[in-house]
Protein chains: 2
Amino acid sequence: MFVADAPTTSSSAFSQTSDIARRFHAGVAPRDASRCSLCALQALCNPADLNAEELEQVDSLVAEVRSVQRGASLFRANDPFHSVYVLRSGSFKTVVMHREGREQVTGFQISGEMLGLDGIVHGRHLTGATALERSTVCVIPFEPLEDACRAIKPMQQHLHKVMSREIARESNMIMLLGTMRAEQRVAAFLLNLAERYGTRGYSATEFVMRMTRSEIGSYLGITLETASRMFSKLQQDRLVHARGKQIRLLDTEALARL
Amino acid sequence: MFVADAPTTSSSAFSQTSDIARRFHAGVAPRDASRCSLCALQALCNPADLNAEELEQVDSLVAEVRSVQRGASLFRANDPFHSVYVLRSGSFKTVVMHREGREQVTGFQISGEMLGLDGIVHGRHLTGATALERSTVCVIPFEPLEDACRAIKPMQQHLHKVMSREIARESNMIMLLGTMRAEQRVAAFLLNLAERYGTRGYSATEFVMRMTRSEIGSYLGITLETASRMFSKLQQDRLVHARGKQIRLLDTEALARL
DNA sequence: CGGTGCATTGAAGGCTATCAAGGTGGGTGG
DNA sequence: CCACCCACCTTGATAGCCTTCAATGCACCG
């Protein structure tokens with residue numbers, strides 16, 4: 001195995017081990033799990049310029065750190081909306097239900113990313129969130145969060161950026177689905193995943209995809225067979241090395257040029 | 001002509017004229033253009049439960065009411081982000097630039113809807129906004145708006161809903177692009193447009209689309225030829241009456257069933 | 001060791017893109 | 001006022017990408 005398994009695995013598995021990754025593996029999480037001020041993910045999910053007192057306030061926003069089993073739901077479509085969630089470790093998919101029971105994956109989330117914002121409009125979740133592996137999340141009740149955003153300006157700006165980032169992400173997705181062909185979609189998907197792993201201190205060229213071909217296909221608007229074929233094609237063209245869920249990017253520039 | 005032209009046309013053009021539509025045509029806009037408290041669109045772009053003093057504050061957020069010619073840009077991709085915009089009359093398209101100069105339409109906006117939120121993340125606009133007809137917008141500098149959101153809770157909640165609505169809208173779009181075939185996409189597009197016109201007091205069954213087939217195609221991830229063919233097919237099947245940009249929905253339930 | 005879920009690969013067909021040729025309508029200038 | 005022009009729309013023929021249906025392989029697990 002040459003790839004990061006989860007934030008809880010040994011750091012030796014990483015080809016590039018950044019500061020963030022090291023802090024991940026220093027064992028911070030278990031004790032004081034709900035103290036943001038001690039969390040390695042702080043840089044990802046908190047505003048940068050908080051003073052001690054403000055950090056204290058942020059700490060108290062986290063009502064709970066919850067563990068979610070693989071396959072379990074954090075929330076389902078149509079559930080009442082009370083909280084947003086920050087993914088501390090593991091990964092999720094968000095899914096919308098089509099009529100006739102068909103479902104579409106609208107996103108994959110990894111550590112440091114936020115879940116549940118879609119519930120604000122109608123007070124109900126529009127998507128469902130399912131863990132792709134055993135994961136832990138910080139539960140942040142939304143009303144207190146809004147209160148904190150009125151009191152602390154950097155906090156407010158941060159929330160707005162998070163929401164705006166989600167808008168931008170979806171815009172990108174719309175462009176992908178609207179203009180790219182299957183091979184380009186898969187390439188873009190891999191590059192995006194790689195970049196996000198890189199940001200978190202993991203290797204940006206070797207990783208394990210926690211999602212199935214079917215979920216990838218659903219996300220990319222193609223069938224699982226087409227997704228599989230594209231992985232095979234990219235491998236044949238020596239752009240990636242793909243063995244099931246283990247991925248190594250061999251030529252990221254060529255991938256981007258597709 | 002059996003269809004509303006723009007908010008400034010005579011109300012006799014509407015088959016159903018609601019209260020909002022009537023207020024549109026009462027001539028409120030020209031005088032005191034920047035007074036939200038007097039604006040017919042208030043219900044759409046302001047929180048419901050503001051007291052007089054708070055409304056006063058909201059009024060002062062609008063730095064300017066700007067008129068935009070057909071084809072002109074409100075902002076372009078990569079422009080620095082300073083303000084968000086509420087569309088007072090007319091319509092816009094938002095566009096992202098692909099490499100190689102190709103562009104994709106990511107949304108159409110009509111009166112009461114907000115533009116520019118995509119700029120918050122990076123301080124630069126990711127999309128460009130172009131007027132599809134002569135339009136007027138309220139320019140709302142974002143920093144003062146954030147300030148107001150910290151001071152006035154309903155205001156904050158409203159902004160969050162607007163942003164969340166945008167996230168939900170894009171989620172829907174992702175589902176459309178990921179799972180629907182051309183005919184379904186066009187049907188969904190028409191139903192969505194109809195609903196939004198309906199909300200604004202216009203007829204939900206008869207309207208003029210301000211965008212070209214090419215723009216519709218780009219938005220829906222299909223070619224303009226396919227879009228045109230689908231309009232023809234829907235007409236042949238007696239679900240709509242389409243003559244160029246003039247549209248009448250004949251069987252909305254059948255459209256939804258597609 | 002068979003069962004199950006997931007991944008891969010092949011063959012055929014359908015949907016949509018592409019290329020191409022009119023058709024239509026609104027605007028402009030003579 | 002009318003003819004022309006240009007942008008936009010419609011429609012046809014063909015090609016190609018992707019889906020669908022099907023069979024097989026592979027890893028994990030009770």
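All values below come from the heavy atoms of this structure, side chains included, with hydrogens, waters and symmetry mates left out. Because the structure is a prediction, the values reported are computed rather than measured. Here is the naming used below: chain letters follow the sequence lines, and residue numbers restart at 1 for every chain.
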Let's see if you get this right: which residues in residues 172-181 of chain A place a heavy atom under 4.0 Å from DNA chain C? none
Of all residues at least two apart in sequence or in a different chain, which pass the side chain to side chain donor-acceptor pair (under 3.5 Å) check with Ser67(B)? Arg134(B)
Of all residues at least two apart in sequence or in a different chain, which pass the side chain to side chain contact (heavy atoms under 4.5 Å, CB included) check with Arg70(B)? none
Across the strands shown, which category fits Ile222(B) at heavy-atom distances under 4.0 angstrom: base, sugar-phosphate, nothing? sugar-phosphate
Residues which pass side chain to side chain donor-acceptor pair (under 3.5 Å) with Thr226(B), listed by chain and number, not counting sequence neighbours: Thr223(B)
The side chain to side chain contact (heavy atoms under 4.5 Å, CB included) partners of Thr212(A) (sequence neighbours excluded) come to Ser214(A), Glu215(A), Lys245(A)
For Arg200(A) and Arg196(A), indicate whether the former's side chain and the latter's backbone hold a donor-acceptor pair under 3.5 Å. yes
Overall bend - the helix from dC1(C)-dG30(D) to dG30(C)-dC1(D), comparing terminal axes fitted on five pairs, nearest 10 degrees: 30°
Could you give the CD1-to-P distance, from Ile216(B) to dC8(D), as a whole number of Å? 12 Å
Taken in chain and number order and not counting sequence neighbours, the residues that satisfy salt bridge (Lys or Arg N to Asp or Glu O under 4.0 Å) with Lys233(B) are Glu183(B), Asp237(B)
Would you mind reporting whether His241(B) and Ile247(B) have side-chain heavy atoms less than 4.5 Å apart? no
Length of the CZ-C1' vector between Arg210(B) and dC9(D), whole Å: 17 Å
Okay, side chain of Arg213(B), backbone of Leu224(B): is any donor-acceptor separation there less than 3.5 Å? no
Run the side chain to side chain donor-acceptor pair (under 3.5 Å) test against Ser171(B) and tell me which residues pass, sequence neighbours left out. Glu170(A)
Regarding Lys233(B), tell me which of base, sugar-phosphate or nothing describes its non-hydrogen contacts under 4.0 Å with the strands shown. nothing
Holding to ring-ring contact (aromatic ring centres under 6.0 Å, His included), I want the full list of residues that pass it with Tyr85(A), two or more places apart in sequence or in another chain. Phe75(A)
Interface limits on DNA chain C, where chain B has a heavy atom under 4.0 Å of a nucleotide atom: dT16(C) to dG25(C)
Whole-Å distance, Lys245(B) NZ to dC9(D) C1', equals 10 Å
Between protein and nucleotides 20-30 of chain D, map the contacts as a letter string: B base, S sugar-phosphate only, - none, heavy atoms under 4.0 Å, written 5' to 3'. BB-----S---
Measure from the side-chain N and O atoms of Glu103(A) to the backbone N and O of Met97(A), and report whether any donor-acceptor pair falls under 3.5 Å. no
Checking side-chain polar atoms at under 3.5 Å, does Ser89(A) have a donor or acceptor matched by the opposite partner on Thr136(A)? yes
Could I get the full list of salt bridge (Lys or Arg N to Asp or Glu O under 4.0 Å) partners for Arg181(A), not counting sequence neighbours? none
Would you classify Ser228(B) as touching base, sugar-phosphate or nothing, given that sugar-phosphate means primed atoms plus P, OP1 and OP2, and contacts are heavy atoms under 4.0 Å? base
Determine the contact category for Gly217(B): base if any of its heavy atoms lies under 4.0 Å from a base atom, sugar-phosphate if only primed atoms, P, OP1 or OP2 are that close, otherwise nothing. nothing
